[in-house]
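Comments concern the structure below.
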Number of protein chains: 2
Amino acid sequence: MNLKQLAEHLQLSPTTVSRALNGYPEVNEATRLRVEAAARAVGYSPNAWAKGLATGRAMAIGHVMPVSKSHEMVNPVFGDFITGASEAYLRAGYDMQLTLVDDEDEAMRYRNLRRRGLVDGIIVHAPLPADERIALLREIGLPFVVHGRASELPDDYAWIDMNNRRAFERATEHLLALGHRRIALVNGPERQDFALRRREGVLTAQAAQGIAADPALLSSGEMTERLGYTATREMRALPDPPTAIVAASMVVALGIWRALRDEGVTLGREVSVVAHDDDLGYLRNGGDVPVFTATRASVRDAGRRAAEMVLQMIRDPSCAPLQTLIEAELILGQSTGRAPS
Amino acid sequence: MNLKQLAEHLQLSPTTVSRALNGYPEVNEATRLRVEAAARAVGYSPNAWAKGLATGRAMAIGHVMPVSKSHEMVNPVFGDFITGASEAYLRAGYDMQLTLVDDEDEAMRYRNLRRRGLVDGIIVHAPLPADERIALLREIGLPFVVHGRASELPDDYAWIDMNNRRAFERATEHLLALGHRRIALVNGPERQDFALRRREGVLTAQAAQGIAADPALLSSGEMTERLGYTATREMRALPDPPTAIVAASMVVALGIWRALRDEGVTLGREVSVVAHDDDLGYLRNGGDVPVFTATRASVRDAGRRAAEMVLQMIRDPSCAPLQTLIEAELILGQSTGRAPS
DNA sequence: TCACCATATCAAAGCGCTTTGAAGAGGCGC
DNA sequence: GCGCCTCTTCAAAGCGCTTTGATATGGTGA
């Protein structure tokens, strides 16, 4: 059933029916009610393609996720992020369009998204420090919000980001306050911007106490359980092993824990661990006393807010780029304690 | 730049340009090359909305994910699944449309998806044993593939599923062969179909050896790390605790492991564990000798195949419902050993 | 009574593409 | 030179909606 048929059925013109359903003022209230009732009764919804063609609005937001052959891991955080985003879209009547692209043809895909008119806005995931997509998207002229930042670029685009540097600085400060002096970092992939910021945070806190960075205590890679495990094994085999480790994610922390366990070391006594906790649904680090001391920020919440930002920018295209910085909270758990003397 | 402008620029009619770009035979090869070159040069891609309206095809597949308030966890498997699916879509030129819905208005959303014409096919996630969506989608008349099955319904729809029952039966048989007699299951939520099948598999294997099910050894819930932990703590406190545990996922297995560590128990000696491993990117259970003995089946691969199935059904709507059963492999790791005597 | 205005409805154009049916351009045999 | 056929190209209609500008209707004040 299309608009024309519905109009005939109602003995009205398509114009009036369209206006009635879209809430225009120039239609009689009684007529509107009649139209709405009929639409509901016959189960009418407007054809999205026709509507998109006529209005030029897609009523959809694109999420573009780079998945290269070299780091083909799917971000475990992604599921939570889009769940949050979809809450916002649902409320606003927007759809969500997901595109996973190889790095190589990413530029082309963005251009296509625009030219084909499929989306009104874009959320950019996993930015690099000098991410080319930001210039590209600006040139393309589609509203976009970056989840994360590109540190090497001028700060004049819209983004939402957790304060990675500050969070990891605080985590390190906490360990320093407990007397630790050999503090390791098992970081995410350091071509990613967030990982660089985290590393900076750890180093800044140490430098403030006059502690020089030891490259042997800095590890990075895809944030898998295995990374945590192998990095910890290697570091603990050093002549002067770390007494504390900062972990880039809960999954990594689990690997660290496994390595320590293999060694017969107790978490929070011989070795302390602070993890970053994205508050994922399936890996909650909760309870009265969480297992891990952690810097926590909900990625789902970030998704919701990112979506709201992009919707806002679509509503008001002339507004300055929105920027949201989320502070992580530092929650104390069982995995940290005074440095062994 | 639209088709008309491109046609003018080429001194051709829109008809010819359209045909040239869409590979119709009735256009001169020289003309086609000229058109293609021009299209590339000016960066033309057809407007998706106009194309959709004209062809009636959306060139998009919808993934609908139920996210209720009661079990609001995002499936950690989802990310890998859609990564696999998007590989297939990319090749076929399809887009992916993601919808997360509350259980309540799910039916309405499916109907809308159809009426609005946004998608040509649907992938259904997380089916229940008597899932109403299957009848609904059939009535709606949109090609669909279920990831999983609805055991209580007639088996006449398209699905792709891992052989949950057989996998968990094999896992249990393995433990039985090692001499275990007290075998526990930490299962996923048993309103979900896959969880019921898994439980069946465990019970079948035990029954074949004349072992009756002990309700105290059957636990289920959202598949979190915490579930594994608490279930294990409780079971191990029983007068006659289990010597082996089958885990519904790697994340759950990590929780089980944590509980056993707390107890000072060594994995694979006092207590054996077999996990189901979805082969997720961030939780690889690999290496020469994996940590966990596991039933393994790649969920990413399932996503890719599900996508191919739905595309096939769109190509040939009259074909019988495709059904794909994936067998998990049983890989031996360090987490299983002979039952303590 | 008439002009005037606000209100409620409509006809028709247009969004950018595909596709049907028609027509122009050559090549061939007679 | 004519008719016929094949190979290319084209004009125009149509997909289902929104939106502009016009039209009918009834109420008001002069």
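Computed over heavy atoms, backbone and side chain alike; hydrogens, waters and symmetry mates excluded. First the proteins, then the strands, lettered A, B, ... as listed; each starts at 1.
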Can you find a side chain N or O atom of B/S13 that sits less than 4.0 Å from OP1 or OP2 on D/dA11?
no
For B/D131 and B/D193, what are the C-alpha separation, side-chain angles and deciding distance, and is it a side-chain contact (heavy atoms from CB on, under 4.5 Å)?
CA-CA 9 Å; B/D131 208 300; B/D193 195 79; over 6 Å; no
For the rings on A/Y89 and A/H63, is their centre-to-centre separation under 6.0 Å?
yes
For A/L325 against A/M162, the heavy-atom pair lying closest together:
CD1-C, 4.0 Å
Between the protein and nucleotides 16-18 of chain D, which nitrogen or oxygen pairs come in under 3.5 angstrom?
residue: D/dG16; atom: N2; partner: A/A50; partner atom: O; Å: 3.4
residue: D/dC17; atom: OP1; partner: A/Y44; partner atom: OH; Å: 2.7
residue: D/dC17; atom: OP1; partner: A/N47; partner atom: N; Å: 3.3
residue: D/dC17; atom: OP2; partner: A/L3; partner atom: N; Å: 2.3
residue: D/dT18; atom: OP1; partner: A/N22; partner atom: ND2; Å: 2.9
residue: D/dT18; atom: OP2; partner: A/S18; partner atom: OG; Å: 2.5

Where along residues 25-32 of chain B does a heavy atom fall under 4.0 Å from DNA chain D?
B/E26, B/V27, B/N28, B/T31
Presence of salt bridge, B/D155 and B/R149, under 4.0 angstrom
no
Cationic N near anionic O, under 4.0 Å, A/R304 to A/E308
yes
SB check B/R116 A/D95 (cutoff 4.0 Å)
yes
How far does CZ of A/R300 sit from CZ of A/F81, to the nearest 0.5 angstrom?
12.5 Å
For the backbone of A/G79 and the side chain of A/T83, can you confirm whether one donor and one acceptor N or O come within less than 3.5 Å of each other?
yes
Rounding to the nearest 10°, end axes of the helix from C/dT1-D/dA30 to C/dC30-D/dG1 built from five pairs each make an angle of 60°
Against A/V35, only a single residue in A/N28, A/L21, A/T16 fulfils side-chain contact (heavy atoms from CB on, under 4.5 Å); can you say which?
A/L21
Just so I know, are the side chains of B/L98 and B/M65 near enough to count as touching, which here means a heavy-atom distance under 4.5 Å?
no
